[in-house]
Amino acid sequence: MPSQIYSKEAGKVTVARLKRFGKTFEISVDPDKALEYKAGKTGKAGKTVDLREVLLADGIFSDIKKGLRASQQDLQTAFKTTEVETIAETIVQHGEIQLTAEHRAEEREQQRRKLVYLIQKQAVDGRTGLPLPAERIETALEQGKIHLDDYKTVEEQFDGIISKLRPILPIKIEQKKLLLTIPAQYAGKSYQIVKSNSSILKENWNADGSWTATVEIPAGLKVEFIEKLNALTHGSVVVKE
């Protein structure tokens, strides 16, 4: 694992930070990889980002800019372990990722473009049944002063944004109901992806440890959603409509 503390961006420290039991715990991260890892995104090969790609320094710090490492006792108290990767994963998933103003602006623009793309992909004009032009969607977002939350995925916010757009645009989205069965060894990891990308209507933990859920998802996202689950479960998820 790399030993440097400073990121490649203009020599500045990019920090992921989590506070527990009155103590601060910090790690040095690659901002892009950290955001991808936190969101559970998959690359072209269908693989999620490895935690080792996220970390830029092997260690948990109490103050990373001063190079002060957290004590083993504090780590044990806060995380019930002193294993670096386990703690780092918790910090990335549940902590705050400190981004530069430039990076945050770039991330916002990427998320906004993704939002417009998803709306185009899933929605039609409710009056004509025709696709909605990107320019029309962007104008409606500006008119309604609708902004994305930096700390949630576009998918998590999608339904809320559509609700805000309806008074401005005659927007219509087709929904699909899916019955998912996920084997026990992948159920825990899959839960967050399912929760972030769909509405869970009904769920059940089965005697063998597998998880069954009935979910609702925009029709245009169905293929991408199933691909994510297949990548995570190595193709063992069962999906029925």
Not counting sequence neighbours, which residues clear ring-ring contact (aromatic ring centres under 6.0 Å, His included) with Phe158? List them please. none
Once rounded to the nearest 0.5 Å, what's the spacing between atom NZ of Lys195 and atom CD1 of Ile193? 13.5 Å
Close side-chain approach of Val215 to Phe225, heavy-atom, < 4.5 Å: yes
Return the minimal non-hydrogen interatomic distance between Ile64 and Ile27, and the atom names on each side. CD1-C, 3.6 Å
Please report the interatomic distance NZ(Lys121) to NZ(Lys114), rounded to the nearest 0.5 Å. 10.0 Å
Shared hydrophobic cluster for Val92 and Val84 (ILVMFWY, side-chain gaps under 4.5 Å): yes
Report yes if the side chains of Arg136 and Gln120 come closer than 4.5 Å at any heavy-atom pair, otherwise no. no
Heavy atoms of other groups near Glu109 CD, more than 12 under 6.0 Å: yes
With a 4.5 Å cut-off on side-chain heavy-atom distances among I, L, V, M, F, W and Y, is there a chain of contacts connecting Trp205 to Leu178? yes
One pair to check against side-chain contact (heavy atoms from CB on, under 4.5 Å): Leu165 and Leu141. What are the steps and the verdict? CA-CA 7 Å; Leu165 279 174; Leu141 289 170; 4.0 Å; yes
So do the side chains of Lys38 and Gln93 get within less than 4.5 Å of each other, counting heavy atoms only? yes
To the nearest 0.5 Å, tell me how far Leu148 CG sits from Leu115 CG. 5.0 Å
Go through the structure and list residues passing ring-ring contact (aromatic ring centres under 6.0 Å, His included) with Tyr117, not counting sequence neighbours. none
Treat each ILVMFWY residue as a node, draw an edge where side-chain heavy atoms are under 4.5 Å apart, and state whether Val194 and Leu201 are in one component. no
Without swapping roles, check the side chain of Gln157 against the backbone of Lys152 for a donor-acceptor pair under 3.5 Å. yes
Once you round to the nearest 0.5 Å, how far does CD of Gln122 lie from NZ of Lys176? 13.0 Å
Which residues pass the ring-ring contact (aromatic ring centres under 6.0 Å, His included) test with His234, sequence neighbours left out? Tyr186
If hydrophobic clusters are built by linking Ile, Leu, Val, Met, Phe, Trp and Tyr wherever their side-chain heavy atoms come under 4.5 Å apart, do Ile168 and Leu118 end up in the same one? no
When every non-hydrogen atom of Leu229 is compared with those of Ser190, the smallest separation belongs to CD2-CB, 4.2 Å
Name the orientation class of the two ring planes belonging to Phe79 and Phe25 (parallel below 30°, tilted from 30 to 60°, perpendicular beyond 60°). perpendicular
Side chains of Ile119 and Ile171: does their closest heavy-atom pair fall under 4.5 Å? yes
List the atom of Lys164, the atom of Ile146, and the distance in Å for their closest heavy-atom pair. CB-CD1, 3.7 Å
Can you give me the closest heavy-atom contact between Ile60 and Ala88, atom names plus distance? CD1-N, 4.2 Å
Under the criterion side-chain contact (heavy atoms from CB on, under 4.5 Å), I'd like the reasoning laid out for Tyr37 against Leu55: C-alpha separation, chi angles, the key distance, then a yes or no. CA-CA 11 Å; Tyr37 186 87; Leu55 301 180; over 6 Å; no
Taking the side chain as every heavy atom from C-beta outward, state whether Leu179 and Thr214 have any atom pair closer than 4.5 Å. yes
Flag, side chain of Ser163 to backbone of Asp159, donor-acceptor distance under 3.5 Å: yes
When you look at Gln72 and Gln76, which way does the side-chain contact (heavy atoms from CB on, under 4.5 Å) test go after all the steps? CA-CA 6 Å; Gln72 297 293 294; Gln76 186 66 41; over 6 Å; no
Taking side chain as C-beta onward, heavy atoms only, is Asn230 less than 4.5 Å from Val237? yes
Interatomic spacing from CD in Gln185 to OG1 in Thr233 - rounded to 0.5 Å: 9.0 Å
Less than 4.5 Å apart, side chain to side chain, heavy atoms only: is that true for Thr81 and Ile87? yes
Identify the two heavy atoms, one from Ile137 and one from Val116, that lie closest to each other, and give their separation to 0.1 Å. CD1-O, 4.0 Å
Atom pair OG1 (Thr90) and CG (Leu18), whose distance is rounded to the nearest 0.5 Å: 8.0 Å
Decide whether Ile217 and Val238 are clustered together by the hydrophobic rule: side chain heavy atoms of Ile, Leu, Val, Met, Phe, Trp, Tyr closer than 4.5 Å, transitively. no
Between the main-chain N or O of Asp208 and the side-chain N or O of Asn206, is there a donor-acceptor pair closer than 3.5 Å? no
With the side chain counted from C-beta on, respond yes when Glu96 and Lys19 share a heavy-atom pair under 4.5 Å apart, and no when they do not. no
Minimum heavy-atom separation for Phe21 and Thr77, please, with both atom names. CE1-O, 3.7 Å
